[in-house]
Amino acid sequence: MHNNIEIYLQALNSANSGIIITDNTQPDNPIIYCNKAFEIITGYSHNEIIGHNCRFLQQEDRNQEERQIIKDCISQEKECKVEIRNYKKNGTLFWNELYISPVRNSDNEVTHFIGVQNDITERKRAENELREEKLSVEKKIKLRTKELVDKEAFLSSIIQTVRESLLVLDNDYKVLSANTHFLNSFKVTNEDTVGKLLFELGNHQWDIPSLKDLLTKILPTNNPVIDYEVEHTFPFIGRKIMLLNAYRIEFEGQYKDRILIAIEDITDKKELDRRKDDFLSIASHELKTPLTTIKGLVQLLQRMMPENSTERYISTLDKISIHVDRLNELINGLLDTSKIQSGNIEIHKEPFEIDKILKDTIETLSISHPKHNIKLEGITKTTIMGDDLQVTQVINNLISNAVKYSPNSKNIDIYANKVGSYVKISIKDYGVGINNQDKAKIFNRFFRAGNIQKKFPGLGIGLYISHEIIANHNGTLWVESEPGQGSTFSFTLPIMKTNDNE
Ligand code: ADP
């Protein structure tokens with residue numbers, strides 16, 4: 001039969017943990033037993049271990065707090081578990097997870113201590129790495145948060161300072177913030193505004209179905225709402241016209257489904273525009289009356305011309321007549337503009353042949369601009385339903401512009417074509433051209449490109465009127481142009497019928 005002790009010893013020797021037994025009855029608690037694993041973990045051999053106190057494993061590293069814990073546990077004869085830095089025989093550090101437990105005899109005196117050790121260096125390293133990683137991530141997050149806070153503070157200070165009313169909404173159209181200008185302009189408080197639905201603000205001034213419709217499309221489509229006009233009697237500030245622009249905003253991945261609404265009070269500007277229009281309309285009416293009289297009188301003088309009038313006398317009267325006509329044209333232009341503005345332009349629609357008026361207009365203009373070579377290519381053989389005088393006016397405007405804005409090239413090419421159910425007329429010049437920025441504005445009232453203002457006379461209304469006339473005839477007028485290369489103005493008009501069998 002095996003001795004029981006031997007079996008236990010064999011078991012101890014096959015354990016993975018280092019196991020020692022110390023004798024507490026001897027001075028300095030020497031080690032009296034160690035298993036195989038202890039030799040392997042520490043690198044010391046059996047006979048280098050037996051008889052020593054465990055502290056030799058600490059080598060020079062003698063200031064660890066854990067030593068005190070071990071000391072206390074031995075003097076108080078208790079169990080304890082510590083993680084302590086120990087050193088192998090060759091000096092390499094290993095983390096020792098040490099479990100110490102007292103062994104008592106029948107008189108309850110502690111005779112031995114058992115120490116169980118595990119090399120947890122690997123675990124410690126992984127733990128350390130994890131801790132460091134966590135620290136560095138935390139540091140990064142802190143830094144990033146600070147950056148974001150700084151940026152947000154920066155943005156919000158801009159938002160507070162701008163002289164435009166701004167609202168930020170969440171994706172349910174609830175107001176998240178309103179800037180000072182908004183609160184001051186609408187004479188409301190933050191409490192009246194923040195946290196409320198946009199459509200419930202004030203006396204439901206923004207609760208307009210078409211506006212709602214546009215706003216609900218911003219987030220899914222990213223299409224902003226541009227220049228939406230709202231005329232309304234607002235609480236506290238009365239009847240006003242507001243211009244609304246709304247955009248989807250994103251803040252560095254922090255949030256993206258927010259809407260920024262900018263509101264501009266354009267009441268005064270509108271009023272000013274209206275007064276300007278009224279003035280123009282009255283002034284041109286007033287100017288027209290005496291001018292009509294002058295024109296009549298000049299015609300009378302021409303008719304009453306004495307037989308023996310000198311050449312100089314005749315040509316002077318002719319010149320007066322030409323200038324009176326020119327003045328009349330300018331005033332008519334201004335009158336047309338104010339009529340268009342007030343929606344009072346009349347169209348007398350009747351069928352007319354576009355080829356004919358094109359040919360006639362070119363003929364007339366060729367006489368008054370003999371230095372230019374105005375050439376027509378193509379024939380449409382179509383009848384258009386519309387106001388021939390107005391369409392003539394458009395052709396006149398476009399060819400006159402082509403002549404005016406190409407002082408250094410004499411060719412003007414005009415193309416007439418059928419395009420589907422439309423006629424397309426293009427007027428091409430090789431003159432100063434128009435830059436991209438101006439292209440977008442030349443059809444606006446009173447707009448004149450900056451580079452030509454002083455060189456060429458004009459009021460900046462011809463294209464505006466032409467554009468409106470073509471639009472009223474269900475066609476479009478547009479321009480293609482390169483600065484310095486020339487411009488091509490084209491318009492389309494729907495065909496009423498083709499005259500092929502003439
Ligand atoms: P105006 O000629 O009296 O200025 P228009 O309304 O006819 O007014 O034209 C507006 C502006 O468009 C002009 O001032 C000019 O800057 C530009 N423009 C019009 N036609 C041409 C053209 N053929 N070539 C270059 N610029 C043009």
Side-chain angles (χ1 to χ4, degrees), residues 273 276-277 280-281 283-284 287-288 322-323 325-341 345 358 361-362 364-366 368-369 371-377 389-416 424-473 475-492:
D273 278 355
K276 221 162 53 189
D277 288 341
L280 268 179
S281 145
S284 31
L287 289 171
K288 205 170 158 69
I322 289 169
H323 285 284
D325 285 346
R326 170 86 192 107
L327 196 53
N328 205 24
E329 253 174 51
L330 282 171
I331 292 172
N332 281 340
L334 285 174
L335 270 174
D336 283 351
T337 312
S338 62
K339 275 190 208 148
I340 292 172
Q341 246 345 76
I345 196 137
L358 202 50
T361 316
I362 292 172
T364 320
L365 285 172
S366 294
S368 48
H369 302 290
K371 288 200 198 97
H372 279 80
N373 173 21
I374 309 171
K375 200 173 78 210
L376 172 65
E377 248 182 60
L389 286 181
Q390 290 188 9
V391 176
T392 306
Q393 193 181 342
V394 173
I395 299 168
N396 218 321
N397 274 343
L398 297 180
I399 301 179
S400 302
N401 276 349
V403 170
K404 179 158 77 172
Y405 297 110
S406 51
N408 301 322
S409 60
K410 59 182 179 47
N411 284 344
I412 314 279
D413 295 326
I414 301 175
Y415 303 91
K424 176 181 172 189
I425 313 293
S426 298
I427 290 106
K428 186 177 174 72
D429 68 55
Y430 303 88
V432 295
I434 304 161
N435 68 33
N436 260 339
Q437 230 180 349
D438 290 342
K439 242 183 252 174
K441 302 185 200 147
I442 52 168
F443 299 106
N444 292 350
R445 237 171 8 134
F446 308 127
F447 180 85
R448 310 199 67 221
N451 57 338
I452 56 97
Q453 294 253 19
K454 298 203 177 75
K455 265 208 253 156
F456 305 92
L459 294 176
I461 54 178
L463 285 183
Y464 168 71
I465 295 172
S466 305
H467 193 264
E468 293 302 308
I469 291 176
I470 296 299
N472 284 336
H473 282 78
T476 48
L477 167 62
W478 71 97
V479 65
E480 280 148 303
S481 181
E482 285 290 328
Q485 309 278 309
S487 316
T488 304
F489 283 84
S490 306
F491 67 87
T492 52

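For this chain, numbers begin at 1 and follow the sequence in order. Order of listing sets the numbers, starting from 1, for every ligand and every atom in it. Given the structure is predicted, the values throughout are model-derived calculations rather than measurements.
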How far apart are the closest heavy atoms of Ile470 and Thr492, and which atoms are they? CG2-O, 3.7 Å
Please identify which atoms of ligand 1 are closer than 4.0 Å to at least one heavy atom of Ile461. 6 (O), 8 (O)
Where Leu280 and Leu334 come nearest, the two heavy atoms and their spacing: CD2-CD2, 3.9 Å
Only heavy atoms of Ala449, strictly under 4.0 Å: list the atoms of ligand 1 that pass. 14 (O), 16 (O)
N or O pair under 3.5 Å between Gly460 and ligand 1: yes
Report yes or no: does a heavy atom of Gly431 sit under 4.0 Å from some atom of ligand 1? no
Should you measure from each heavy atom of Leu463, which atoms of ligand 1 turn up under 4.0 Å away? 5 (P), 6 (O), 7 (O), 9 (O), 10 (C), 12 (O), 19 (C)
Per-atom filter on ligand 1: closer than 4.0 angstrom to a heavy atom of Phe447 are 10 (C), 11 (C)
Relative to the heavy atoms of Gly458, which atoms of ligand 1 are at a distance of less than 4.0 Å? 3 (O)
With a 4.5 Å heavy-atom cut-off, do Glu480 and Ser426 have their side chains touching? no
Do any N/O atoms on Arg448 end up under 3.5 angstrom from N/O atoms on ligand 1? yes
Can you say whether the rings of Phe443 and Phe489 are parallel (under 30°), tilted (30 to 60°) or perpendicular (over 60°)? perpendicular
Using a strict threshold of under 4.0 Å (side-chain N to carboxylate O), is an ion pair present between Arg445 and Asp277? yes
If we number the atoms of ligand 1 from 1 as shown, the ones under 4.0 Å from a heavy atom of Lys404 are 1 (P), 2 (O), 3 (O)
Can you find a pair of side-chain heavy atoms, one from Phe456 and one from Pro407, that are under 4.5 Å apart? yes
I want to know if ligand 1 touches Ile434 in the polar sense, i.e. an N/O pair below 3.5 angstrom. no
May I ask you to list the atoms of ligand 1 that are less than 4.0 angstrom from any heavy atom of Phe489? 19 (C), 20 (N), 21 (C), 22 (C), 23 (N)
Quick one: do Lys428 and Asn411 satisfy side chain to side chain donor-acceptor pair (under 3.5 Å)? Show the steps, please. CA-CA 9 Å; Lys428 186 177 174 72; Asn411 284 344; over 6 Å; no
Ligand 1 atoms in contact with Asp429 (distance to a heavy atom under 4.0 Å): 22 (C), 23 (N), 24 (N)
Find out whether Leu365 and Ile374 are in side-chain contact, i.e. whether some heavy atom of one side chain is under 4.5 Å from a heavy atom of the other. yes
